[in-house]
Amino acid sequence: MPHTSDNDKKAKDNNAKEHAKNMLEDQNRKAGKKQFSKKTDHL
């Protein structure tokens, strides 16, 4: 099998994807979603 390189692939913009995810998580946090309020049984 001949070795072929993938130099013609598009570069992924992971930074923009992560930024969008972080913005969504920040909005959810400010809205009070996914709060972890379980009381612990230790001191």
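Residue N15 places its CG atom among 12 or fewer non-hydrogen atoms of other residues, nucleotides or ligands, all under 6.0 Å distant.
From Q27, atom CD reaches atom NZ of K30 across 8.0 Å, with rounding to the nearest 0.5 Å. N14 contributes atom CG, which lies 10.5 Å from atom NZ of K21 (distance to the nearest 0.5 angstrom). If you take CD on E18 and CE on M23, they are separated by 14.0 Å, rounding to the nearest 0.5 Å.
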